[in-house]
**Q** 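Got a structure for you, written out below as structure tokens; questions coming shortly.
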Amino acid sequence: MWILVLFDLPTETKKDRKNYTDFRKKILADGFQMFQFSMYIRHCSSKENAEVHQKRVKSILPSKGHVGILTITDKQFGMMEIFRGTIPVDPPDTAQQLELF
């Protein structure tokens with residue numbers, strides 16, 4: 001599963017910029033990586049694990065702005081076409097998960 005966090009937060013005042021920076025730092029600390037400006041992604045090994053990270057994002061939502069949280073499967077993420085200009089680019093690699101039996 002992949003979680004995408006998309007956000008548009010105000011940055012007009014010093015307090016707004018601090019809230020933006022704090023939110024961004026917290027989602028990075030939770031294992032998200034920047035995919036585009038204001039769009040961060042994180043791979044999760046299961047739906048249950050994705051729900052844990054969704055709850056974490058919801059717990060740090062800033063009081064202003066718009067935040068979207070989208071969960072998609074590996075297959076759906078793999079079907080995404082990504083371009084830099086007109087040149088196709090491969091999607092980010094799925095994190096390798098060590099499983100112990």
Side-chain angles (χ1 to χ4, degrees):
M1 306 280 314
W2 288 86
I3 302 175
L4 289 72
V5 176
L6 309 102
F7 55 92
D8 184 16
L9 304 178
T11 57
E12 286 84 35
T13 67
K14 188 174 182 177
K15 183 178 180 185
D16 288 343
R17 288 188 294 277
K18 181 176 180 355
N19 289 338
Y20 171 90
T21 302
D22 288 346
F23 180 72
R24 184 179 173 279
K25 285 181 180 178
K26 288 176 182 175
I27 61 174
L28 286 170
D30 192 35
F32 285 83
Q33 60 183 351
M34 186 169 72
F35 185 76
Q36 292 183 342
F37 292 120
S38 299
M39 181 179 174
Y40 288 71
I41 60 174
R42 185 185 200 292
H43 184 263
C44 295
S45 58
S46 66
K47 184 176 180 177
E48 293 77 18
N49 184 247
E51 289 171 355
V52 168
H53 293 286
Q54 286 175 324
K55 287 179 184 177
R56 286 184 188 164
V57 172
K58 290 176 184 179
S59 73
I60 60 169
L61 290 173
S63 59
K64 295 181 185 178
H66 296 93
V67 177
I69 304 170
L70 175 66
T71 304
I72 60 174
T73 65
D74 286 336
K75 183 175 181 178
Q76 290 168 325
F77 188 81
M79 292 188 307
M80 180 176 13
E81 293 184 270
I82 305 170
F83 296 88
R84 285 218 166 78
T86 58
I87 301 168
V89 178
D90 292 331
D93 292 330
T94 301
Q96 294 298 317
Q97 181 85 15
L98 177 63
E99 292 187 29
L100 301 174
F101 295 94

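Positions are given from 1 along the sequence.
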**Q** Taking only residues at least two apart or on different chains, which pairs with a member in residues 73-93 satisfy ring pair (Phe, Tyr, Trp, His ring centres under 6.0 Å)?
**A**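 Passing the test, one end in residues 73-93: Trp2-Phe77.
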**Q** Between NE2 of His43 and CD of Gln33, what distance do you get to the nearest 0.5 Å?
**A**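 Between atom NE2 of His43 and atom CD of Gln33 there are 11.0 Å.
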**Q** Give a yes or no on whether Ile41 and Met80 share a hydrophobic cluster (residues Ile, Leu, Val, Met, Phe, Trp, Tyr; joining criterion: side-chain heavy atoms under 4.5 Å apart).
**A**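 Yes; tracing contacts between hydrophobic side chains, which count when under 4.5 Å, links both residues.
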**Q** Can you name the residues that form a side-chain hydrogen bond (donor to acceptor under 3.5 Å, both in side chains) with Lys18, not counting sequence neighbours?
**A**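 side-chain hydrogen bond (donor to acceptor under 3.5 Å, both in side chains) list for Lys18, sorted by chain: Asp22.
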**Q** Which pairs, with at least one residue in residues 76-88 and sequence neighbours excluded, count as a side chain to side chain donor-acceptor pair (under 3.5 Å)?
**A**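 Residue pairs passing side chain to side chain donor-acceptor pair (under 3.5 Å), neighbours aside: Thr73-Gln76.
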**Q** Are Val52 and Met1 connected in the hydrophobic side-chain network, where two residues link if heavy atoms are under 4.5 Å apart?
**A**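 No, separate clusters.
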**Q** What residues form a side-chain hydrogen bond (donor to acceptor under 3.5 Å, both in side chains) with Ser38, not counting sequence neighbours?
**A**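 Checked Ser38 against side-chain hydrogen bond (donor to acceptor under 3.5 Å, both in side chains); zero matches.
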**Q** What's in the same ILVMFWY side-chain cluster as Phe37, cut-off under 4.5 Å, chained through other members?
**A**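 Besides Phe37, the hydrophobic cluster comprises Ile3, Val5, Phe7, Leu9, Tyr20, Phe23, Ile27, Leu28, Phe32, Met34, Tyr40, Val57, Ile60, Leu61, Val67, Ile69, listed by chain and residue number.
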**Q** What pairs with Ser59 under side-chain hydrogen bond (donor to acceptor under 3.5 Å, both in side chains), at least two apart in sequence or on another chain?
**A**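 Partners of Ser59 under the side-chain hydrogen bond (donor to acceptor under 3.5 Å, both in side chains) test: none.
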**Q** Which atom names give the shortest non-hydrogen contact between Cys44 and Ala50, and what distance separates them?
**A**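 Shortest heavy-atom separation between Cys44 and Ala50 comes out as SG-CA, 3.7 Å.
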**Q** What residues form a salt bridge (charged side-chain N to carboxylate O under 4.0 Å, His left out) with Lys25, not counting sequence neighbours?
**A**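 Partners of Lys25 by the salt bridge (charged side-chain N to carboxylate O under 4.0 Å, His left out) criterion come out as none, since no residue qualifies.
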**Q** Return the set of residues passing salt bridge (charged side-chain N to carboxylate O under 4.0 Å, His left out) with Arg56 (not counting sequence neighbours), or none when no residue passes.
**A**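 Listed in chain order: Asp30.
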**Q** List the residues meeting side-chain contact (heavy atoms from CB on, under 4.5 Å) with Asp16, not counting sequence neighbours, and say none if there are none.
**A**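 Counting only residues at least two positions away or on another chain, Asp16 forms a side-chain contact (heavy atoms from CB on, under 4.5 Å) with Pro10, Glu12, Thr13, Lys64.
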**Q** Do Val89 and Phe35 share a hydrophobic cluster, counting only Ile, Leu, Val, Met, Phe, Trp and Tyr and linking them when any side-chain heavy atoms are less than 4.5 Å apart?
**A**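 Shared cluster, yes.
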**Q** In chain order, what residues pass the side-chain contact (heavy atoms from CB on, under 4.5 Å) check against Ser46, with sequence neighbours excluded?
**A**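 Counting only residues at least two positions away or on another chain, Ser46 forms a side-chain contact (heavy atoms from CB on, under 4.5 Å) with Glu48, Asn49.
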